[in-house]
Protein chains: 2
Amino acid sequence: MSSNTADKIREAAHDLIAARGYFGFSYADVAEVVGIRKASIHHHFPSKVDLVVAALVQYRADMVAAAKGLDSKVVDPLQRLKLYVQHWEECIRNSNRPICIAALLSAELPALPDPIKAEVQLHFRYLAGWVKSTLRDGAKYGSIHLEHSAEVEAQSFVAVVHGAMLSARALGTPDVFTSISKAALDRLRPSN
Amino acid sequence: MSSNTADKIREAAHDLIAARGYFGFSYADVAEVVGIRKASIHHHFPSKVDLVVAALVQYRADMVAAAKGLDSKVVDPLQRLKLYVQHWEECIRNSNRPICIAALLSAELPALPDPIKAEVQLHFRYLAGWVKSTLRDGAKYGSIHLEHSAEVEAQSFVAVVHGAMLSARALGTPDVFTSISKAALDRLRPSN
DNA sequence: GCATCTATTCCTACTAGTAGGTAGTCTAAG
DNA sequence: CTTAGACTACCTACTAGTAGGAATAGATGC
């Protein structure tokens, strides 16, 4: 029923946020990508805040779905984290949304409108929560060894993945993401 | 001899970049903070790119000086890294430039003018290089145990610190930076 | 079958405000 | 009497957002 123009606009916005951040793109940029006029975007998303919030809501929904998918289809929790990392590695190598938009927006956070701030926070909370429970599952399952509390290990894992995205972007080398994230996964193995 | 207005402008720019990123601040913002008119800034820094590059050059000079200071005054390499992390912890707790501007700008990198890109890259290279040689020194000194290569461990350390800055900003809790960085340092100890 | 009503979607044309940057002037100090 | 540093006044380009009209398509009444 719903036209997919709104979807196209939201996806274009996601791409542009991933490339340039909140202040780095305009309605004109979105209009050019989608192939419609600037004013038409306002019909679907009255304000820029609405558009970015919509992109973040969709982004989180996708993440939740992917996490649930991993939880139900992959037995080994360590393998789930490996697949999570692998997903980002592919995005970075293909230059396809090669960074988490919530992580990117968190950098600009103090300047962002409150509704966007709230969505970014929700993403961080959900992601850290999923990693934490996955780490706990892995400890029980026997494939993961936790040096510190699950909470601290989860926050560290999220941080190192986000930091690795920044380094890969800064240095222009996807390899640096690969080696950092491999090391982060390796460190969770009980054989150490 | 040189007026300190230029310094004030550069410092105001640094603060604003740390708060909002490259596209998130304007000459008008800088003018208001410094207490001069917009046009006067152009006298000292002809373009916004010049201003931001100057801020990054100064930022890196300060980092190099601080690193050399640590190298000469602190015997234990692990302690040097601890002090590096502590510096950022204080910045975050006092909300005083609570994020590395190079890390922040790396998020917006694809949209940044080339001269700024280059400065951001230089920062990442120098920082990773310093951490790497500090890790090697620590391994020789005996206070640091390296699980992987010094290169990978250094990149991981840089990434986790940057990621922790993002998490602290996103969640609004300095504590999360503290616990992540403590865990990162702890992991380097040979007692494990 | 055909006209009409309604809602959706996109358009052109516009607004007020802000962006970075420029031209030219005034002032004070060496 | 030149120069540095600040100013007023302005420019063009772009920002998010608005007003109102044209085209489309689906449902309804006769």
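For clarity, every value in this text was computed on a predicted model and none was experimentally measured. Naming convention: chains lettered A, B, ... in sequence-line order (proteins, then strands); numbering from 1 in each chain.
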Whole-Å gap separating P (D/dA4) and CD1 (B/Ile36):
17 Å
Would you find more than 12 non-hydrogen atoms of other residues, nucleotides or ligands less than 6.0 Å from B/Arg97 atom CZ?
yes
Hey, which of A/Val49, A/Leu56, A/Asp50 is the one that makes side chain to side chain contact (heavy atoms under 4.5 Å, CB included) with A/Val53?
A/Val49
Quick check on C/dT9: is either OP1 or OP2 less than 4.0 Å from any side-chain nitrogen or oxygen of A/Thr5?
no
Nearest whole Å is fine: how far is D/dC7 P from B/Ile41 CD1?
10 Å
Output the single nucleotide from D/dT8, C/dT12, D/dA6 whose closest atom is nearest the side chain of B/Ala39.
D/dT8
If you count every heavy atom of other residues, nucleotides or ligands that lies below 6.0 Å from B/Lys82 atom NZ, does the total exceed 12?
no
Where do A/Arg169 and B/Pro110 come nearest, in terms of heavy atoms and distance?
CZ-CG, 3.5 Å
A/His43 side chain N/O closer than 4.0 Å to the phosphate oxygens (OP1, OP2) of C/dC10?
no
With respect to the side chain of A/His44, which nucleotide from C/dC11, D/dT8, C/dT9 is positioned closest?
C/dT9
Base versus backbone protein contacts along nucleotides 11-16 of chain D [heavy-atom cut-off under 4.0 Å; B, S, -]:
----SB
Report the distance from atom CZ of B/Arg37 to atom P of D/dT8, rounded to the nearest whole Å.
5 Å
To the closest 0.5 Å, what do you measure between CZ (A/Arg20) and CG (B/Leu112)?
11.0 Å
Can B/Ser26 and B/Asp29 be counted as having a side-chain donor-acceptor contact under 3.5 angstrom?
yes
